[in-house]
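Taking it in order: structure first as structure tokens, then the write-up.
Convention: sequence-line order gives letters A, B, ...; per-chain numbering from 1. In this text the structure is predicted, and so the values were computed from the model without any measurement.
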There are 2 protein chains.
Amino acid sequence: MSGNKSLQEAFNGTVYRVSGNGKRNIQVLKEAFESVEENTESDVYGTGKLIEDFQAKLAKVLGKEAAVFFPSGTMAQQVALRIWCDQKGTKKVAYHPLCHLEIHEQDGLKELHRIEPILLADKNQLITLADVMNMKDEIACLLLELPQREIGGQLPDFTELEAISAYCRQQGIMLHLDGARLFETLPYYGKSAAEICALFDSVYISFYKGIGGIAGAILAGNKEFTEKSKIWKRRHGGDLISLYPYILTADYYFTLREHKMGQYYEAAKELAALMNQCHAVATLPVEPVSNMFHVHFECSKRELEPILAAIYEETGIGLVPVLRETGEASSYCELNMGDSYAAIPKELLRKAIQLLDEKLK
Amino acid sequence: MSGNKSLQEAFNGTVYRVSGNGKRNIQVLKEAFESVEENTESDVYGTGKLIEDFQAKLAKVLGKEAAVFFPSGTMAQQVALRIWCDQKGTKKVAYHPLCHLEIHEQDGLKELHRIEPILLADKNQLITLADVMNMKDEIACLLLELPQREIGGQLPDFTELEAISAYCRQQGIMLHLDGARLFETLPYYGKSAAEICALFDSVYISFYKGIGGIAGAILAGNKEFTEKSKIWKRRHGGDLISLYPYILTADYYFTLREHKMGQYYEAAKELAALMNQCHAVATLPVEPVSNMFHVHFECSKRELEPILAAIYEETGIGLVPVLRETGEASSYCELNMGDSYAAIPKELLRKAIQLLDEKLK
């Protein structure tokens with residue numbers, strides 16, 4: 001019976017989800033706005049108390065002089081790299097081969113800014129100090145993504161980060177942080193956001209990953225940098241008359257979840273350990289270092305889908321709605337732990353994992 | 001006493017406003033979301049019923065094959081011009097010297113797209129067929145703004161528009177409509193939006209002018225054009241995971257106000273006629289052709305501010321919070337008629353105008 005249901009359909013019918021903070025429906029907005037005074041004035045083209053207060057708050061959290069709210073990270077990061085390129089008078093930057101700018105932005109960096117990226121490191125590895133030191137091209141900026149999402153959310157040791165930062169400063173290379181999931185890394189590093197950001201010249205963070213807002217981003221750095229970023233934000237068409245629907249929800253969910261990143265991190269380690277007990281299943285990393293990890297299956301997407309769908313139906317627990325193919329007999333999925341995991345009865349979860357193990361034998 | 005209050009302070013204290021649809025506070029959002037089901041699913045990166053239904057609805061209204069929702073007009077219009085330039089293989093477009101792209105976008109078109117604009121017509125005049133025919137440069141696209149906002153919202157005759165459109169088609173020049181205030185022009189033209197858009201190859205409309213939404217824009221044209229625009233929207237950083245806060249409010253206020261444009265147009269004509277009876281006051285245009293017009297004063301900003309502040313205090317009617325200087329002894333303001341005007345008791349309005357006349361003698 002379950003074989004007739006698609007994975008997405010079976011997932012839609014589940015009571016529990018291991019990943020995320022719940023459905024992306026408009027209740028996410030309504031909940032955040034419930035407690036906001038109706039006569040609260042809109043921000044107006046990047047000015048006004050509402051946006052300025054939030055920017056000041058996040059600048060402080062990140063330990064930077066100033067911060068600017070952007071509608072998206074795509075816009076914020078292109079702008080950051082452009083500013084550093086213009087400052088140095090070169091059109092080259094370096095980043096990981098699976099960097100968001102390289103694979104998810106339709107080449108905006110190249111098409112709009114004519115910036116040439118140098119791809120550092122093998123795509124399945126983190127960027128190391130050696131990669132940076134061996135680079136032959138003169139670059140304006142190095143972008144590091146913490147955690148490196150496309151390889152399961154891996155993180156370099158903090159000492160490696162410090163060494164890369166020190167080398168870049170010595171070489172006059174600006175260091176930019178793709179911190180879309182920065183807060184999710186803090187429990188592993190045992191550091192504050194400001195302590196990590198101190199290693200970087202500019203920082204981008206997102207509000208709809210672990211934080212669970214609607215959309216929106218912050219770009220932070222020194223005042224000269226953020227003032228320039230406002231000009232580029234207008235050029236990109238991101239200086240909207242009102243950004244408050246994103247700002248107020250970002251603020252609400254940041255306050256709600258900032259301190260729960262430790263819980264999500266522990267949940268990721270617990271679930272990954274359970275998964276790794278299953279036949280033909282391995283997580284990447286083996287032990288997660290943030291709230292996220294990938295689950296690799298030695299089983300094709302086509303074979304695995306009905307197996308997962310049957311488990312979803314039997315237990316009411318949903319793993320993911322979509323699997324991705326990695327080869328003829330292998331597939332994977334990404335899990336991001338949030339509020340949803342804590343609601344699952346542990347016995348039921350164990351049963352689901354046990355079923356998975358049995359069916360993959 | 002009133003002389004001590006700034007114009008902005010006096011304006012903030014008024015009960016009635018001649019311009020606009022009310023305050024830009026978060027109640028604008030709350031009202032629109034009140035009637036939306038809480039489990040309505042978010043759009044996801046430009047897909048999903050919520051965004052696709054609204055795009056289809058507006059494509060139909062504008063008589064175009066397809067439409068794409070953008071976070072801003074700045075983004076939508078740069079994208080439109082880029083697509084037409086790429087198609088023709090030239091980097092030149094033409095528009096009015098006071099075009100939004102020329103004076104309000106920090107040169108995004110030039111800095112991001114390397115497009116060179118040819119400025120057509122004197123800045124105080126509308127673009128005419130003769131201007132277009134006399135142009136020596138080969139351009140990919142001509143942008144016309146209806147109404148021409150920076151000169152009081154003037155409009156060409158419809159026959160002139162038809163002639164420009166016919167000439168452009170004959171010459172292989174794409175015609176793009178900056179229709180930020182398109183719906184506001186329909187009562188004057190006595191045409192449907194689709195009838196006007198039929199003269200153009202691509203159309204942008206805004207949802208926070210006469211419509212009174214929070215932000216957001218639609219870009220419409222043929223399917224090939226709109227599909228390309230989605231790629232550029234992602235490059236610009238405008239393909240947000242969720243745009244629903246803008247889409248749902250745009251839809252709500254479009255439904256609420258689309259049919260009130262005639263009322264706003266009549267209000268503009270009525271108020272302009274009253275204004276023109278005042279000493280040292282002249283509206284541009286003398287008789288408005290949309291819901292907007294400019295009011296020019298033969299009086300310096302410095303002298304006029306305390307006069308207006310005193311009138312605001314005495315009558316409780318606010319004209320504008322800010323005046324703009326045009327010379328040592330002249331100033332002006334812009335008025336956009338919306339819902340607010342109808343609430344003003346006519347006797348009180350006449351008194352305010354009479355006071356203005358007396359004080360300017």
Side-chain angles (χ1 to χ4, degrees), chain A residues 23-31 33-34 36-44 48 50 70-79 82 104-114 206 208 213-217 230-246 248-249, chain B residues 23-31 33-34 36-44 48 50 70-79 82 104-114 206 208 213-217 230-246 248-249:
Chain A
K23 291 185 181 171
R24 283 190 67 84
N25 60 28
I26 72 141
Q27 177 56 17
V28 172
L29 180 143
K30 285 201 168 189
E31 181 186 325
F33 272 78
E34 228 160 66
V36 186
E37 276 292 323
E38 293 180 355
N39 55 9
T40 303
E41 278 180 34
S42 172
D43 53 311
V44 180
L50 193 153
F70 274 76
S72 74
T74 295
M75 194 184 293
Q77 296 206 106
Q78 285 183 33
V79 164
R82 175 63 183 262
H104 290 306
E105 303 183 5
Q106 294 278 6
D107 280 339
L109 187 74
K110 299 164 200 169
E111 296 287 341
L112 291 171
H113 295 284
R114 290 151 290 151
S206 170
Y208 66 94
I214 303 178
K230 289 178 186 173
I231 295 172
W232 283 106
K233 177 177 152 186
R234 172 153 289 219
R235 287 174 177 155
H236 265 258
D239 189 20
L240 306 196
I241 183 167
S242 299
L243 282 166
Y244 72 79
Y246 299 129
L248 288 172
T249 44
Chain B
K23 291 185 181 172
R24 282 190 69 84
N25 60 29
I26 69 142
Q27 178 56 19
V28 173
L29 181 143
K30 285 200 168 189
E31 181 186 325
F33 271 79
E34 228 161 66
V36 186
E37 276 293 322
E38 295 181 355
N39 55 10
T40 303
E41 278 181 36
S42 172
D43 53 310
V44 180
L50 193 152
F70 273 77
S72 73
T74 294
M75 194 183 294
Q77 296 207 105
Q78 285 182 34
V79 164
R82 175 62 182 262
H104 290 307
E105 302 182 7
Q106 294 280 2
D107 280 340
L109 188 74
K110 299 164 199 169
E111 296 286 341
L112 291 170
H113 296 284
R114 290 152 290 152
S206 170
Y208 66 93
I214 302 178
K230 289 179 185 172
I231 295 172
W232 284 107
K233 176 177 153 186
R234 172 153 289 218
R235 288 175 176 154
H236 265 258
D239 190 20
L240 306 196
I241 182 167
S242 300
L243 282 166
Y244 72 78
Y246 299 128
L248 288 173
T249 44

Relative to chain A, which segment of [X] carries a heavy atom at a distance below 4.5 Å: side chain, backbone, both, or neither?
{"X": "B:Phe33", "result": "both"}
{"X": "B:Leu243", "result": "both"}
{"X": "B:Phe70", "result": "neither"}
{"X": "B:Gln78", "result": "side chain"}
{"X": "B:Glu31", "result": "neither"}
{"X": "B:Ile214", "result": "both"}
{"X": "B:Lys23", "result": "neither"}

Counting heavy-atom pairs closer than 4.5 Å to chain A, which one of B:Gln106, B:Gln27, B:His113 comes out on top?
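Answer, by heavy-atom pair count under 4.5 Å with chain A: B:Gln106.
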Looking at B:Val28, B:Leu248, B:Leu29, B:Thr74, which one has more heavy-atom pairs under 4.5 Å with chain A than the rest?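 When all of B:Val28, B:Leu248, B:Leu29, B:Thr74 are compared, B:Leu29 has the most.
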Exercise. With no hydrogens and no angle check, is any side-chain donor or acceptor of B:Arg234 less than 3.5 Å from a backbone partner on A:His104?
Worked result: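 Checking the backbone N and O of A:His104 against the side chain of B:Arg234, a donor-acceptor pair under 3.5 Å is found.
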Specify the closest pair of heavy atoms between [X] and [Y], including all atoms of both residues, with the distance to one decimal.
{"X": "B:Glu38", "Y": "A:Lys30", "result": "CG-CD, 4.0 Å"}
{"X": "B:Ile241", "Y": "A:Arg24", "result": "CG2-NH2, 3.6 Å"}
{"X": "B:Leu240", "Y": "A:Pro71", "result": "CD2-O, 3.5 Å"}
{"X": "B:His236", "Y": "A:Met75", "result": "O-CE, 3.3 Å"}
{"X": "B:Tyr246", "Y": "A:Ser242", "result": "OH-O, 2.6 Å"}
{"X": "B:Glu111", "Y": "A:Arg114", "result": "O-NH2, 3.4 Å"}

query = Using non-hydrogen atoms only, which part of A:Glu37 is less than 4.5 Å away from chain B: side chain, backbone, both, or neither?
reply =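 Interface part for A:Glu37: backbone (N, CA, C, O).
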| said: I'd like to check the side-chain hydrogen bond (donor to acceptor under 3.5 Å, both in side chains) partners of B:Ser72; sequence neighbours left out, ordered by chain and number. | reply: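 If we apply the side-chain hydrogen bond (donor to acceptor under 3.5 Å, both in side chains) test to B:Ser72, skipping adjacent residues, there are no hits.
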* Who passes side-chain hydrogen bond (donor to acceptor under 3.5 Å, both in side chains) against B:Arg235, sequence neighbours left out? ->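 Listed in chain order: nothing, the list is empty.
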Check whether more than 12 heavy atoms from other residues, nucleotides or ligands sit under 6.0 Å from atom CD of A:Glu41, and answer yes or no.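 No - once you tally the heavy atoms of other residues, nucleotides and ligands closer than 6.0 Å, there are 12 at most.
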>> For the interface with chain B, which of A:Ile231, A:Asn25, A:Asn39 has the highest count of heavy-atom pairs at distances below 4.5 Å?
In response: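 Among the listed options, the one with the most contacts to chain B is A:Asn25.
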